[in-house]
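Please read the structure below before turning to the comments.
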There are 2 protein chains.
Amino acid sequence: MTPPQLPRTTSRINVIKALAHPSRLTIVEALQHGEQCVCDLRNLVGTDLSTVSKHLAILRSAGLLSMEKRGLKVFYRLSCPCFLDFLNCVDRMSSASSCSTAG
Amino acid sequence: MTPPQLPRTTSRINVIKALAHPSRLTIVEALQHGEQCVCDLRNLVGTDLSTVSKHLAILRSAGLLSMEKRGLKVFYRLSCPCFLDFLNCVDRMSSASSCSTAG
DNA sequence: TCTTTACTTGGCGATTTTGCCAAGTATTCT
DNA sequence: AGAATACTTGGCAAAATCGCCAAGTAAAGA
């Protein structure tokens with residue numbers, strides 16, 4: 001079993017884990033350009049509708065997405081505009097050349 | 001099985017997944033203040049030494065940490081100075097109040 | 001009201017991740 | 001050389017995650 005962590009670490013993990021799946025990150029990346037309904041996101045990630053729906057629930061419970069039902073469709077959008085900054089940070093870290101050679 | 005993603009998404013996932021575990025994030029947070037040997041990190045996270053070592057291998061293969069052996073001890077440090085920015089971004093997203101009320 | 005559309009939730013097998021123990025490697029000390 | 005220290009790797013069981021199918025809910029249309 002995992003030992004206890006600091007509260008701040010726990011809330012950080014909540015966000016990071018939500019983003020740590022290809023389909024979920026793909027969804028979030030797509031929503032940078034504006035809201036989309038679940039059926040569109042389903043076409044994007046290519047898995048079963050129920051699977052997409054569960055991924056969306058995870059992102060929502062992490063506070064990253066908000067939803068709005070209009071007619072039959074449910075639209076999802078980023079609840080945090082600062083998400084682009086986050087991805088820029090990830091990119092800087094994932095490109096080891098610009099990181100490890102810096103020091 | 002998960003459908004294919006964009007290459008950039010894949011490399012992002014590589015980094016995010018490495019950070020998506022309490023012990024690993026705790027390790028990385030600790031290394032913000034400077035390098036530490038494995039035995040110190042073991043005391044920090046409180047699990048078996050072999051478990052810590054495997055977590056470190058994951059962080060290393062994601063390009064986030066670099067290691068250096070001096071004597072008997074192995075010291076780990078952040079290979080990317082921009083990591084603090086990353087955590088700031090996570091914190092902004094994890095505090096839903098400062099995000100969703102912004103727009 | 002009955003049907004259709006769009007989505008969510010329950011459930012379960014399959015895959016992945018995690019953590020401990022045991023064993024192996026490298027370096028230092030005696 | 002032999003022992004001790006600091007760590008890594010192999011292996012496996014337990015736990016968590018994932019994705020599909022089936023069933024349920026809500027709104028719109030006939």
Side-chain angles (χ1 to χ4, degrees), chain A residues 1-5 9-10 12-28 30-31 35-77 79, chain B residues 1-5 9-10 12-28 30-31 35-77 79:
Chain A
M1 203 166 298
T2 307
Q5 304 87 39
T9 302
T10 303
R12 283 170 170 172
I13 281 294
N14 194 37
V15 169
I16 295 173
K17 284 185 82 167
L19 295 168
H21 186 282
S23 297
R24 292 199 291 269
L25 186 62
T26 299
I27 287 170
V28 167
L31 294 179
E35 66 175 18
Q36 291 196 41
C37 67
V38 181
C39 52
D40 287 339
L41 295 172
R42 177 207 189 164
N43 290 331
L44 180 70
V45 304
T47 57
D48 193 85
L49 181 63
S50 67
T51 301
V52 174
S53 183
K54 285 180 181 175
H55 282 313
L56 289 168
I58 290 171
L59 289 166
R60 196 155 30 93
S61 83
L64 296 172
L65 301 187
S66 58
M67 64 188 283
E68 184 189 354
K69 185 160 191 172
R70 295 203 295 273
L72 279 177
K73 293 185 176 179
V74 176
F75 291 87
Y76 278 84
R77 73 178 64 126
S79 55
Chain B
M1 203 166 297
T2 307
Q5 304 87 39
T9 302
T10 304
R12 283 169 172 171
I13 282 294
N14 193 37
V15 169
I16 296 173
K17 285 186 79 167
L19 295 167
H21 185 282
S23 297
R24 291 199 292 269
L25 186 62
T26 299
I27 287 171
V28 167
L31 294 180
E35 65 175 19
Q36 291 198 41
C37 67
V38 181
C39 53
D40 286 340
L41 295 172
R42 177 204 189 167
N43 290 331
L44 181 70
V45 304
T47 58
D48 192 84
L49 181 63
S50 67
T51 301
V52 174
S53 183
K54 285 180 181 175
H55 282 314
L56 289 168
I58 290 171
L59 289 167
R60 197 155 29 93
S61 82
L64 296 172
L65 300 187
S66 58
M67 64 188 283
E68 183 188 356
K69 185 159 190 174
R70 295 204 294 273
L72 278 177
K73 292 186 175 179
V74 176
F75 290 87
Y76 279 83
R77 73 179 63 134
S79 56

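All values reported here derive from a predicted model rather than from experimental measurement. Residue numbering restarts at 1 for every chain, and letters A, B, ... go by the order of the sequence lines.
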Report the distance from atom NZ of A:Lys73 to atom P of C:dT8, rounded to the nearest whole Å.
14 Å
Without decimals, in angstroms, what is the distance between B:Glu68 CD and C:dA26 C1'?
16 Å
Does B:His21 put a side-chain nitrogen or oxygen below 4.0 Å from OP1 or OP2 of D:dA16?
no
Any B:Lys17 side-chain N or O less than 4.0 Å from OP1/OP2 of C:dT17
yes
Rounded to the nearest Å, what distance is computed from the CE atom of residue A:Met67 to the C1' atom of nucleotide C:dT8?
9 Å
Nucleotide nearest B:Leu49 (side chain, heavy atoms from C-beta), chosen from C:dT8, C:dC21, D:dC7
D:dC7
For a quick check, tell me whether the side chain of A:Thr47 and the base of D:dC18 share a donor-acceptor pair closer than 3.5 Å.
no
Are A:Arg70 and A:Phe75 in a cation-pi setup, meaning NZ or CZ lies under 6.0 angstrom from the ring centre and within 45 degrees of the ring axis?
yes
To the nearest angstrom, the CG-P distance between A:Leu25 and D:dT17 comes to 18 Å
Interatomic distance, B:Arg70 CZ vs D:dC7 P [rounded to whole Å]:
12 Å
Examine distances only and state if a side-chain atom of B:Arg24 and a backbone atom of B:Ala18 form a donor-acceptor pair shorter than 3.5 Å.
yes
Given C:dT27, D:dT8, D:dC7, which nucleotide is nearest the side-chain atoms of B:Lys69?
C:dT27
Can you tell me how far P of D:dT8 sits from CZ of B:Arg42, to the nearest Å?
12 Å
Test item: A:Val52 and A:Leu44 side chains (from C-beta on) under 4.5 Å apart, heavy atoms:
no
Rounded to whole Å, CG of A:Leu72 lies from P of C:dA6 at a distance of 6 Å
With a 4.0 Å cut-off on heavy atoms, is A:Arg24 in touch with a base, just the backbone sugar-phosphate, or nothing at all?
sugar-phosphate
Enter the distance from B:Arg12:CZ to B:Thr10:OG1 here, rounded to the nearest 0.5 Å.
10.5 Å
Please determine whether side-chain contact (heavy atoms from CB on, under 4.5 Å) holds for the pair A:Lys69 and A:Val74, giving the CA-CA distance in whole Å, both sets of side-chain angles, and the decisive distance to 0.1 Å.
CA-CA 4 Å; A:Lys69 185 160 191 172; A:Val74 176; 4.1 Å; yes
Starting at atom CG of B:Asn14, determine the distance to atom C1' of C:dT16, rounded to an integer number of angstrom.
15 Å
Does A:Tyr76 put a side-chain nitrogen or oxygen below 4.0 Å from OP1 or OP2 of C:dT8?
yes
Can you check whether A:Ile13 reaches A:Gln5 side chain to side chain, under 4.5 Å on heavy atoms?
no
Degree of bending in the helix from C:dT1-D:dA30 to C:dT30-D:dA1 once both end axes are built from five pairs, to 10°:
10°
Do any side-chain nitrogens or oxygens of A:Thr51 fall under 4.0 Å of OP1 or OP2 in D:dC18?
no
Whether A:Lys54 contacts C:dC7 is assessed here as follows: a side-chain N or O lying under 4.0 Å from the phosphate OP1 or OP2. Is that the case?
no
Donor-acceptor check, side chain of B:Ser53 to backbone of B:Leu49, threshold 3.5 angstrom: yes or no?
no
